[in-house]
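Here is the structure we will look at, set down as structure tokens.
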Amino acid sequence: MPDEVSPHPSRRTVVAGGLTVGAAVAAGTYLSAAGAETASAADATRSLSLTVNGERLKLAVDPRSSLLDTLRDEVGVTGPKKGCNQGACGACTVLLDGRRVLSCLTFAVLHDGQEVTTVEGIADGDRLHPVQQAFMDHDAFQCGFCTSGQIMSAVALLEEEPGITEDRIPEAMSGNLCRCAAYCNIRDAIASASATMAKGR
């Protein structure tokens with residue numbers, strides 16, 4: 001004789017159904033909250049004033065945006081490169097009020113009113129900066145990805161330490177990596193630029 005089917009659900013069925021409904025409600029609540037948070041964050045831009053390569057700019061930026069991303073995505077300056085995005089390679093080096101900084105490690109909104117100089121802003125019209133010219137003359141690059149960061153770091157270095165000795169250059173430039181290993185040529189270029197700039201002082 002077949003088992004009779006109970007008209008009342010078992011305790012196990014009720015508990016399982018309750019857990020399923022509870023999970024669905026929780027998931028819906030989480031997704032709604034996450035969507036609202038994302039929309040809110042997208043709307044929460046901050047006003048920012050930067051002077052980039054001599055041009056005064058008014059920007060509205062995400063407060064979470066790095067200086068590097070702001071320069072590349074909002075200003076359209078592509079000299080600074082996103083290499084490691086962790087401050088280890090130096091490809092994103094720019095000058096901030098004349099000091100070299102890793103633009104991937106700092107938020108743009110922290111620098112309201114400050115002056116940023118990238119590799120695009122150091123030449124004098126068609127006349128290259130002495131460091132740029134020295135990099136050309138000494139073939140101080142291969143793939144070129146790190147070159148803008150190397151140049152900006154070298155420009156700041158030669159302001160920090162005019163007349164720097166050649167054997168000091170590798171240590172002073174140790175924050176800028178060249179995966180093509182053009183270090184000897186980079187050192188020679190910086191030493192040459194140092195000599196050129198010393199004559200002009």
Side-chain angles (χ1 to χ4, degrees), residues 50-55 57 66-73 75-108 110-111 113-201:
L50 283 179
T51 299
V52 180
N53 297 326
E55 182 181 359
L57 301 173
S66 69
L67 179 59
L68 173 62
D69 286 337
T70 297
L71 290 171
R72 292 182 61 84
D73 300 337
V75 182
V77 173
T78 57
K81 297 294 189 285
K82 184 178 283 192
C84 65
N85 206 33
Q86 297 176 344
C89 73
C92 67
T93 304
V94 301
L95 303 186
L96 187 63
D97 287 345
R99 296 177 58 250
R100 48 181 167 169
V101 299
L102 299 169
S103 59
C104 75
L105 289 187
T106 185
F107 292 113
L110 297 178
H111 304 292
Q114 291 188 268
E115 183 171 352
V116 180
T117 306
T118 71
V119 71
E120 291 92 341
I122 60 174
D124 182 9
D126 292 333
R127 183 183 179 188
L128 295 178
H129 187 281
V131 173
Q132 290 175 304
Q133 187 62 58
F135 267 65
M136 296 285 289
D137 295 342
H138 291 268
D139 196 24
F141 48 83
Q142 288 189 39
C143 78
F145 189 83
C146 74
T147 303
S148 60
Q150 298 275 2
I151 287 174
M152 296 312 296
S153 191
V155 167
L157 171 61
L158 295 181
E159 291 296 329
E160 296 162 8
E161 300 184 42
I164 187 172
T165 59
E166 190 168 331
D167 59 354
R168 161 90 177 112
I169 292 172
E171 178 185 357
M173 290 289 294
S174 61
N176 291 81
L177 303 182
C178 175
R179 291 182 172 86
C180 301
Y183 293 113
C184 292
N185 294 28
I186 291 170
R187 178 201 60 207
D188 293 346
I190 295 171
S192 175
S194 178
T196 300
M197 293 170 71
K199 292 177 184 176
R201 284 189 169 96

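Computed over heavy atoms, backbone and side chain alike; hydrogens, waters and symmetry mates excluded.
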**Request:** Could you tell me which residues satisfy salt bridge (charged side-chain N to carboxylate O under 4.0 Å, His left out) with Arg168, sequence neighbours excluded, listed by chain and number?
**Result:** Glu161, Glu171
**Asked** Would you call Cys89 and Arg179 a side-chain contact if the rule is heavy atoms closer than 4.5 Å?
**Response** yes
**Prompt:** Just by modelled atom types, is the Asp139 backbone N or O under 3.5 Å from a matching donor or acceptor in the Asn185 side chain?
**Reply:** yes
**Complete:** Taken to the nearest 0.5 Å, the spacing of Ser153 OG from Met173 CE works out to 4.0 Å
**Message:** With rounding to the nearest 0.5 angstrom, report the OG1 to CE distance, Thr147 to Met136.
**Reply:** 10.5 Å
**Request:** Please indicate whether Phe107 has more than 12 foreign heavy atoms, meaning atoms of other residues, nucleotides or ligands, lying under 6.0 Å from its CZ.
**Result:** no
**Message:** Donor-acceptor pair, distance only, cut-off 3.5 Å: does the side chain of Asn176 make one with the backbone of Gly149?
**Reply:** yes
**Request:** Give a yes or no on whether the backbone of Ala182 and the side-chain of Gln142 come within a donor-acceptor separation of less than 3.5 Å.
**Result:** no
**Prompt:** How long is the span from the CG atom in Leu50 to the NE2 atom in His111, to the nearest 0.5 Å?
**Reply:** 8.5 Å
**Prompt:** Does the side chain of Ser148 reach to within under 4.5 Å of the side chain of Lys81, using non-hydrogen atoms?
**Reply:** yes
**Asked** Closest approach of Leu177 and Gln150, non-hydrogen atoms and distance?
**Response** O-NE2, 3.5 Å
**Item:** With Glu120, the side chain to side chain contact (heavy atoms under 4.5 Å, CB included) member among Thr78, Leu71, Val52
**Value:** Thr78
**Pro130, Pro162, Ser192 screened by side chain to side chain contact (heavy atoms under 4.5 Å, CB included) with Met197, the one that passes** = Pro130
**Request:** Kindly write out the residues that satisfy salt bridge (charged side-chain N to carboxylate O under 4.0 Å, His left out) with Asp188, not counting sequence neighbours, or none if the list is empty.
**Result:** none
**Request:** Quick one: list whatever passes side-chain hydrogen bond (donor to acceptor under 3.5 Å, both in side chains) with His129, sequence neighbours left out.
**Result:** none
**Prompt:** Could you go step by step and tell me if Leu95 and Glu115 meet the side chain to side chain contact (heavy atoms under 4.5 Å, CB included) rule?
**Reply:** CA-CA 8 Å; Leu95 303 186; Glu115 183 171 352; over 6 Å; no
**Complete:** Output for pair (Arg187 CZ, Ile169 CD1), nearest 0.5 Å, gives 8.0 Å
**Asked** Do the side chains of Val94 and Val77 get nearer than 4.5 Å, heavy atoms only?
**Response** no
**Fill in**
For Pro80 and Arg72 the tightest heavy-atom approach is O-NH1, 2.8 Å
**Request:** Could I get the full list of side-chain hydrogen bond (donor to acceptor under 3.5 Å, both in side chains) partners for Asp73, not counting sequence neighbours?
**Result:** none
**Item:** Minimum heavy-atom distance between Ala91 and Phe145, given as atom pair plus value
**Value:** CB-CE2, 4.2 Å
**Fill in**
Interatomic distance, CG@Leu68 vs OG1@Thr106, rounded to 0.5 Å, equals 11.0 Å
**Message:** Once side-chain hydrogen bond (donor to acceptor under 3.5 Å, both in side chains) is applied, do any residues pair with Asn53, and if so which ones, sequence neighbours excluded?
**Reply:** Thr118
**Prompt:** Looking at side-chain heavy atoms only, is the closest gap between Tyr183 and Cys178 below 4.5 Å?
**Reply:** yes
**Asked** Any idea which heavy atoms bring Gly98 and Ala156 closest together, and the distance?
**Response** O-CB, 4.5 Å
**Asked** Can you tell if the side chain of Glu159 reaches within under 4.5 Å of the side chain of Arg99, non-hydrogen atoms only?
**Response** no
**Message:** Distance check, rounded to the nearest 0.5 Å: Ile151 atom CD1 versus Ile190 atom CD1?
**Reply:** 9.5 Å
**Message:** Has Ser103 got a side-chain atom pairing as donor or acceptor with Cys92's backbone, closer than 3.5 angstrom?
**Reply:** yes
**Message:** In the structure I gave you, are the side-chain heavy atoms of Glu55 and Val75 within less than 4.5 Å of one another anywhere?
**Reply:** no
**Prompt:** Mind checking what makes side chain to side chain contact (heavy atoms under 4.5 Å, CB included) contact with Ala189, not counting sequence neighbours?
**Reply:** Ala134, Phe135, His138, Ala140
**Prompt:** Are Thr93 and Arg100 linked by a side-chain donor-acceptor pair shorter than 3.5 Å?
**Reply:** no
